[in-house]
Amino acid sequence: MGMKYFADKVIWITGASSGLGAELALQLAKEKARLILSARNETALQAVQQQCLSYTTHCVVLPADLVKDPLAPLTSEALRAYGHIDILINNAGVTQRSLAVDTTPEVDRRLMEINFFAPVSLTKHLLPHFRERQSGHVIVVSSMAGLMGFPLRTAYSAAKHALHGYFETLQVEHTIPGLHITIVSPGRVNTPISLHALTGTGSLHNQMDKGQQNGIPVEVCAARILTAIERKKRHVIIARNEKLLWWLRKFIPPLYYSIARKAGLKH
Ligand SMILES: NC(=O)c1ccc[n+]([C@@H]2O[C@H](COP(=O)([O-])OP(=O)(O)OC[C@H]3O[C@@H](n4cnc5c(N)ncnc54)[C@H](OP(=O)(O)O)[C@@H]3O)[C@@H](O)[C@H]2O)c1
């Protein structure tokens, strides 16, 4: 990665209190970016901010619940932090661990709100700003579950699929010169995401799943995302076995169905 690409760029990261978002913040701080960190947990955000401030002089926290808080005033506040925004990283997300039959409609909606409507809404609030500057970059952290179904994740997978539809269409419309959109599809990454996963009734799954623990190291995933941003990639897949599964789905569908079922139901 060219060391200078992110220097001084103003980057708003959602879901920066944990996992991938916190790691992206840290790596970007090392590149001397100017950061705005959002998530609900203010204490956790401040801990990440402290780490970042040992590398960059500019890092502010902007705590928010992206499902409950009005996002227009939040976006204005983010814009006031440094006067402009170069890059929005839509990373906040919540996964699911429940069969469709056991999942309440409320949980389906919550998963759509945080994983789909929040990134769409933040992006839309920033589009006029990007149009005015004729420049901007929106990153959307989707998932391999946004490219194929996977057990225990019906609404999560649906929300991530929806992101592909929305942001790919935005890429094709291409009405703002200088605006780039990068969709990221990671396979399993070693983060606490399964601890924060929702069960069918909306309680926390609260278990560190084996699949999660054996996932791609978060440092590796974050570094690959930054490379994709710098190269202005439209879509990047960062996965191991899931990529193989995705190819099977394309070329030998029956194998995808049986393997995904067996692998998925084990967590
Ligand atoms: N880990 C994986 O295997 C994997 C694989 C593919 C894709 N992804 C995607 O990667 C992204 C990051 O996940 P992660 O693995 O880093 O999980 P994580 O450690 O659980 O982090 C999720 C982040 O989202 C934030 N968040 C959740 N609900 C929010 C809300 N209502 N408002 C604001 N922020 C909220 C959380 O902060 P607060 O709780 O403080 O609000 C946290 O910072 C997600 O979009 C996820 O779907 C992860």
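Because the structure is a prediction, the values reported are computed rather than measured. Just follow the structure's listing: the first ligand is 1, and inside any ligand the first atom is 1.
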Would you kindly say whether Thr103 and Ser98 are connected by a side-chain donor-acceptor distance under 3.5 Å?
-> yes
Answer with yes or no whether the side chains of Thr182 and His235 bring together a donor and an acceptor at under 3.5 Å.
-> no
Gly19 heavy atoms within 4.0 Å reach ligand 1 at atoms 16 (O), 19 (O)
Can you sort out which atoms of ligand 1 are near Asp65, meaning under 4.0 Å from one of its heavy atoms?
-> 30 (C), 31 (N), 32 (N)
Distance to 0.1 Å, residue and atom name: give those for the protein heavy atom nearest to atom 22 (C) of ligand 1.
-> Gly93 O, 3.5 Å
What residue and heavy atom of the protein are closest to atom 7 (C) of ligand 1, and at what distance?
-> Ser142 O, 3.1 Å
Taking non-hydrogen atoms only, is Gln212 closer than 4.0 angstrom to ligand 1 via side chain, backbone, both or neither?
-> side chain
Do any N or O atoms from the side chain of Asp69 and from the backbone of Asp65 form a donor-acceptor pair under 3.5 angstrom?
-> yes
What is the nearest protein non-hydrogen atom to atom 18 (P) of ligand 1, stated with its residue, atom name and distance?
-> Ser18 OG, 3.6 Å
Take every heavy atom of Ala44, measure it against each atom of ligand 1, and state whether any distance is under 4.0 Å.
-> no
Step through the shown structure and confirm whether more than 12 heavy atoms of other residues, nucleotides or ligands are within 6.0 Å of CD on Glu168.
-> no
Establish, yes or no, whether the cationic atom of Lys4 lies under 6.0 Å from the six-membered ring centre of Phe6 and within 45° of the ring axis.
-> no
Are Asp86 and Arg133 close enough for a salt bridge, meaning some N to O gap below 4.0 Å?
-> yes
Can you label the angle between the His84 ring and the His129 ring as parallel, tilted or perpendicular, going by 30° and 60°?
-> parallel
Structural part of Arg40 in contact with ligand 1, heavy atom criterion under 4.0 angstrom | both
Cluster link Leu66 to Leu88, ILVMFWY, side chain under 4.5 Å = yes
Test item: Val60 and Tyr82 side chains (from C-beta on) under 4.5 Å apart, heavy atoms | yes
For the hydrophobic clusters of this structure (ILVMFWY residues joined by side-chain heavy atoms under 4.5 Å, transitively), does one cluster hold both Ile114 and Leu37?
-> no
State whether the shortest distance between N or O atoms of Val189 and N or O atoms of ligand 1 falls below 3.5 angstrom.
-> yes
Under 3.5 Å, N or O to N or O, is Gly15 touching ligand 1 that way?
-> yes
Side chain, backbone, both or neither: which part of Ile114 comes within less than 4.0 Å of ligand 1 when only heavy atoms are counted?
-> side chain
In this structure, atom 37 (O) of ligand 1 is nearest to the protein heavy atom Ser17 OG, 2.9 Å
In the protein, which heavy atom is nearest to atom 17 (O) of ligand 1, and how far is it?
-> Ile193 CB, 3.4 Å
Could you tell me whether Leu66 and ligand 1 have an N or O pair separated by under 3.5 Å?
-> yes
Which protein non-hydrogen atom lies closest to atom 5 (C) of ligand 1, naming both residue and atom, and how far is it?
-> Gly187 O, 3.1 Å
May I ask you to test the Ile237-Leu147 pair for a side-chain heavy-atom distance under 4.5 Å?
-> yes
What atoms of ligand 1 come within less than 4.0 Å of a heavy atom belonging to Leu20?
-> 10 (O), 16 (O)
Enclosure of Arg109 CZ (heavy-atom neighbours >12, cutoff 6.0 Å) | no
Salt-bridge present (Arg97, Asp209; N to O < 4.0 Å) = yes
Atom 47 (O) of ligand 1: nearest protein contact (heavy atom, Å) | Tyr156 OH, 2.6 Å
A student checking ligand 1 against Ala64 at a 4.0 Å heavy-atom cut-off should list atoms 32 (N), 33 (C)
Note, Ser135 side chain near Phe130 side chain (heavy atom, < 4.5 Å) = no
If you measure every N/O of Asn91 against every N/O of ligand 1, is any gap under 3.5 Å?
-> yes
Non-hydrogen atoms of Val141 versus ligand 1: any pair closer than 4.0 Å?
-> yes
Numbered atoms of ligand 1 (with element) below 4.0 Å of Arg188, judged on heavy atoms | 3 (O)
Check: Leu53 main-chain N/O paired with Thr56 side-chain donor or acceptor under 3.5 Å = no
Ala145 touching ligand 1 at heavy-atom level, < 4.0 angstrom = no
Among protein heavy atoms, which lies nearest atom 26 (N) of ligand 1, and at what distance?
-> Ala92 CB, 4.0 Å
One finds that the ligand 1 atoms under 4.0 Å from a non-hydrogen atom of Val94 are 27 (C), 28 (N)
Looking at ligand 1, does Ser185 have a heavy atom less than 4.0 Å from it?
-> no
Does ligand 1 have an atom that lies less than 4.0 angstrom from a heavy atom of Lys68?
-> no
Lys243 to Trp247, cation-pi by 6.0 Å centre distance and 45° axis angle = no
Hey, does Gly215 sit under 4.0 Å from ligand 1 if you only count heavy atoms?
-> no
